[in-house]
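Take a look at the structure below.
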Amino acid sequence: MSGEIITGKKTVMTPFNVIAGMVVLMGLIITAIRFTKGLGAATNLSDYNPWGIWIGFDLLVGVALAAGGYVTSAAVYIFGMKKYHFAVRPAVLTGFLGYLFVVVALHYDLGRPWRLAYPFIVGWGTTSLLFEVGLCVALYLTVLFLEFSPAPLEWLGFKKTRYLAVRLTMVLTIFGVVLSTLHQSSLGALFLIAPSKLHPLWYSPYLPVFFFVSSIIAGLSMVMFEGMLSHRAFHDKMDEEHLSESDSLTLGFGKAASLVLAGYFTIKIIGVAAGNHWNLLTTPYGIWFLVEMIGFIALPCFLYAVGVRDKNLMLIRFTAAWTVLGIVINRLNISVIAFNWHLPASDRYFPHWMEIGISVFIVMLIILFYRFIVTRMPILYEHPDYKGEEQ
Amino acid sequence: MNETFYTLHHFLLHTESVTYLIMLLSLLGLFGFWFFLTARDDDQ
Amino acid sequence: MGISRRKFLGWIGAAGISASIGKPAGASSISQFSGFPDSKGVLHDITRCVGCRSCEDSCNKINELPEPDTLFSDQTVLAKNRRTTTKAFTVVNQYISKNASEKPVFRKIQCNHCLEPACASACFVRAFTKTPNGPVTYDPDVCVGCRYCMIACPFDIPAYEYDEPLTPRVVKCTMCAPRIEAGEIPGCVSVCPTEALTFGKRKNLLSIARERIRNNPDRYIDHVYGEYEMGGTSWLYLSGVPFHEIGMREDLGIKSGPELTSGALSIVPMIVGLWPVLLTGIYGMTKRKEKNAFIEQEGAVAAAVERANHESIKKIAAAIEKERLGKKKAMEAAEKEKEKGIK
Ligand code: SF4
Ligand code: SF4
Ligand code: SF4
């Protein structure tokens with residue numbers, strides 16, 4: 001490779017691009033190993049630990065953090081917060097890419113990925129929560145694609161098709177919220193079948209509710225967090241409205257997130273009370289549970305509130321990042337850390353570096369696709385031809 | 001219709017499959033119903 | 001919630017039964033499932049097991065499993081805490097009591113062939129089937145390899161062929177379903193020299209087990225493991241030491257896999273049915289509020305102009321233009337008339 005590729009004024013060899021290139025290269029190599037040598041060669045999965053971070057991070061965290069799409073479009077189209085309209089497209093785009101790559105990542109984890117559609121074609125295993133998740137994710141991916149489609153259609157100049165897609169906005173939004181409610185909660189319900197394996201502090205009959213409510217928090221925080229990142233990277237791509245209104249969005253979403261976090265905290269405590277697990281709080285797992293409860297639920301709830309009261313945008317944005325981290329920790333707790341807690345250390349799971357490598361690879365692909373799309377299509381600005389149109 | 005179910009699992013398999021069919025139909029129906037309901041709205 | 005739902009189903013069930021009197025209530029009543037009648041099982045009397053590993057050997061041969069790492073006559077592996085793997089549908093483990101004077105205890109591990117299998121309930125392609133005979137069978141031809149069944153199995157039984165890149169399968173004891181089908185008894189049972197394993201109808205096995213406990217109360221713990229655990233299993237166990245001391249979990253509860261998930265599943269259609277109603281309602285209210293605010297607002301006209309979309313502006317422009325054109329035409333016409341008149 002020659003290091004002197006110059007396109008226009010900018011060099012391609014920015015530090016970010018170099019790192020991205022290396023990550024992609026590593027990802028491709030691991031991909032080859034995974035699909036030629038099998039799961040065993042690339043993962044630390046075992047008969048005791050059939051699910052690792054490809055499920056815990058790529059699926060559970062991925063879906064939770066992609067909740068920004070339904071949260072934002074519901075806020076704008078259903079709850080009528082029209083002034084946040086500018087945020088819908090970026091949120092729907094990340095949602096779409098998030099889900100798309102969740103499905104891509106699933107291909108790595110499944111033993112026979114080419115049978116991905118079997119549940120719907122061959123055997124309707126309708127008693128499985130995973131069936132529900134699969135069906136909803138498939139349908140929601142389609143919905144997100146349709147919701148997102150006006151952007152590429154504007155880019156390509158297909159006015160008629162775009163008009164059709166835009167007309168569907170309302171129905172699609174409702175569909176999106178219904179499907180999201182279902183699969184976000186069902187991801188939590190996946191673990192309902194294993195009360196003997198998941199630590200009692202995390203296991204609760206309310207798991208589906210916890211997952212749904214925390215997905216709202218994840219969605220709100222992700223929109224703010226992402227907004228912060230893209231302000232740094234794509235400032236020049238943003239139009240007036242985007243630049244001027246994004247502070248008001250941060251305040252509004254920060255307030256909402258604080259409120260939902262408060263509710264989430266309450267129901268999590270009720271979860272402990274309902275199982276009468278107070279005595280477990282002093283065990284090592286209990287302390288880790290308290291870290292999650294206080295450090296990643298109560299604290300951000302408070303910090304968001306302070307940030308909103310003081311109109312301290314910096315604080316809100318920091319809290320958004322912190323909350324996103326909290327969601328990651330929560331999902332990993334349930335799927336990996338507090339799962340199989342009863343087993344001796346030698347039977348426990350720790351990810352193989354290649355598993356981490358693929359997860360990083362997938363995140364990098366999402367960023368690269370996002371960048372590719374944002375720098376070309378009308379995402380952060382309104383297309384001049386359709387400016388001022390409702391919806 | 002009057003199949004005998006010996007296990008809860010088989011019973012759920014049956015009822016859930018029926019439920020999923022109804023759900024899919026109702027979601028599809030929602031499209032049509034939405035347009036029917038709002039076709040004569042005068043605002044906008 | 002669970003109770004009321006049950007009750008509700010119960011009423012429906014009652015209605016159904018009264019409508020078709022003469023049917024046996026037990027089997028078809030909706031709130032209670034008794035399992036397949038005459039379904040088979042195996043009773044493992046742990047007090048009789050001597051750890052000879054003949055069952056492992058026979059299972060390996062019958063199911064044409066790969067060569068074991070060490071010979072089945074090797075007794076040293078007993079001391080290791082082993083589990084079922086892709087190479088072994090069943091393993092026998094040795095448990096040394098803390099009380100040194102007591103003899104070691106041996107326990108055979110394999111799939112318990114649950115009455116309400118969690119694995120089957122979890123599988124989204126129905127790869128597992130609870131057969132009327134008793135065995136829970138697996139079909140690799142539909143398996144996607146999501147391994148949710150392994151998450152679900154409370155006994156940590158299914159193993160996975162992680163090293164197969166193209167055709168990985170879930171692996172577990174089949175209860176020798178083909179043999180049972182053919183009227184034979186499972187391989188492991190057939191070779192057990194001490195009759196630590198007994199094959200038969202589960203119903204009968206339960207009474208045998210109870211009888212043994214009654215006749216030898218000192219020899220047995222007063223519990224048949226598997227009678228109710230996780231909704232009941234086809235394999236039943238008798239032991240002389242507490243079950244948790246020999247690696248069998250006593251905290252599993254009696255709720256079966258399907259019961260654990262049916263609550264969450266039953267909410268799904270409610271959301272599908274009612275969420276759209278709710279959301280459309282909220283949407284309608286926001287709309288209405290907006291409209292009212294719009295009307296009430298002083299200077300609504302100004303706002304209207306500001307907010308009006310392209311179309312209406314264009315319409316107005318077009319109207320003005322039309323009028324202008326119309327006037328122009330009229331004037332031209334008048335002009336012509338004039339000219340005519342002059343001529
Ligand atoms: S023991 Fe595990 S694998 Fe066997 S039937 Fe029960 S749930 Fe399924
Ligand atoms: S791994 Fe196979 S058998 Fe197990 S749940 Fe998934 S599809 Fe079903
Ligand atoms: S029943 Fe058959 S498959 Fe199961 S452990 Fe015994 S011999 Fe092996």
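Letters A, B, ... mirror the listed sequences (proteins, then strands); counts begin at 1.
For C:P269, no part lies under 4.5 angstrom from a heavy atom of chain A. Heavy atoms closer than 4.5 Å to chain A are found nowhere in C:L278, neither backbone nor side chain. Both the backbone and the side chain of C:T85 come within less than 4.5 Å of a heavy atom of chain A. Using a 4.5 Å cut-off between heavy atoms, A:Y118 touches chain C through backbone and side chain atoms alike. Contact of C:A127 with chain A is not made at all, since no heavy-atom distance falls under 4.5 Å. For a residue to count as touching a neighbouring chain, one of its non-hydrogen atoms must lie under 4.5 Å from one of that chain's; by this rule A:F339 touches chain C with the side chain only. For chain C, the nearby part of A:T126 is the backbone; its heavy atoms alone come within less than 4.5 Å. Neither the backbone nor the side chain of A:L106 comes within less than 4.5 Å of any heavy atom in chain C. The parts of C:C146 that come within reach of chain A are both its backbone and its side chain, each placing non-hydrogen atoms under 4.5 angstrom from that chain.
Interface remark: of the candidates C:I157, C:V142, C:T280, C:V142 forms the most heavy-atom pairs closer than 4.5 Å to chain A. Interface check for chain C: of the options A:W51, A:F120, A:F175, A:F191, the most heavy-atom pairs under 4.5 Å are formed by A:W51. Listed options A:V177, A:L198, A:N340 were ranked by heavy-atom pairs under 4.5 angstrom with chain C; first place goes to A:V177. Most heavy-atom pairs under 4.5 Å with chain C, from the set A:L207, A:I78, A:I55: that is A:I78. When each of C:G253, C:P140, C:A120 is scored by its heavy-atom pairs under 4.5 Å with chain A, the top score falls to C:P140. With chain C as partner, the option from A:I121, A:L110, A:V133 having the largest number of non-hydrogen pairs under 4.5 angstrom is A:L110. Ranking C:R249, C:E164, C:K289 against chain A, the residue ahead of the rest is C:R249, based on heavy-atom pairs under 4.5 Å. When each of C:L166, C:T84, C:N81, C:V170 is checked for heavy-atom pairs under 4.5 Å with chain A, C:L166 comes out on top. Considering only heavy-atom pairs separated by less than 4.5 Å from chain C, the leading option among A:G40, A:S128, A:G38 is A:S128. Each of C:A264, C:A122, C:S121 has some count of heavy-atom pairs under 4.5 Å with chain A, and the biggest count is that of C:S121. Listed options C:I151, C:L279, C:I282 were ranked by heavy-atom pairs under 4.5 angstrom with chain A; first place goes to C:I151. Listed options A:S46, A:G80, A:S186, A:P50 were ranked by heavy-atom pairs under 4.5 angstrom with chain C; first place goes to A:P50.
Between the side chains of A:Y108 and A:T31, at least one donor-acceptor pair of N or O atoms lies under 3.5 Å. Looking at A:T181 and C:W275, their side chains do bring a donor and an acceptor atom within 3.5 Å of each other.
Below 30°, between 30° and 60°, or above 60°: for A:W202 and A:H199 the angle between ring planes is above 60°, a perpendicular geometry. In this structure, A:F131 and A:W124 have tilted ring planes: the angle between them lies in the 30° to 60° band. In this structure, A:F212 and A:Y70 have parallel ring planes: the angle between them is below the 30° cut-off, well short of the 60° mark.
A salt bridge between A:D347 and C:R83 is absent, with no side-chain N of the basic residue lying under 4.0 Å from a carboxylate O of the acidic one. By the 4.0 Å N-to-carboxylate-O rule, C:K130 lies too far from C:E116 to be salt-bridged with it. A salt bridge does not link C:E56 with C:K87: none of the charged nitrogens is closer than 4.0 Å to a carboxylate oxygen. Between C:D139 and C:R126, none of the side-chain N atoms (NZ, or NE/NH1/NH2) sits under 4.0 Å from a carboxylate O, so this pair counts as no salt bridge.
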A:T169/A:Y77 under side-chain contact (heavy atoms from CB on, under 4.5 Å): CA gap, chis, key distance, verdict: CA-CA 8 Å; A:T169 307; A:Y77 296 128; 3.5 Å; yes

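Geometric assessment of A:R331 against the ring of A:F211 yields a positive cation-pi assignment under the 6.0 Å and 45° thresholds.
With hydrogens and angles disregarded, no donor-acceptor distance shorter than 3.5 Å links the side chain of A:Y349 to the backbone of A:L45.
Summarising the local packing, OH of A:Y206 is surrounded by 12 or fewer heavy atoms from other residues, nucleotides or ligands at distances under 6.0 Å.
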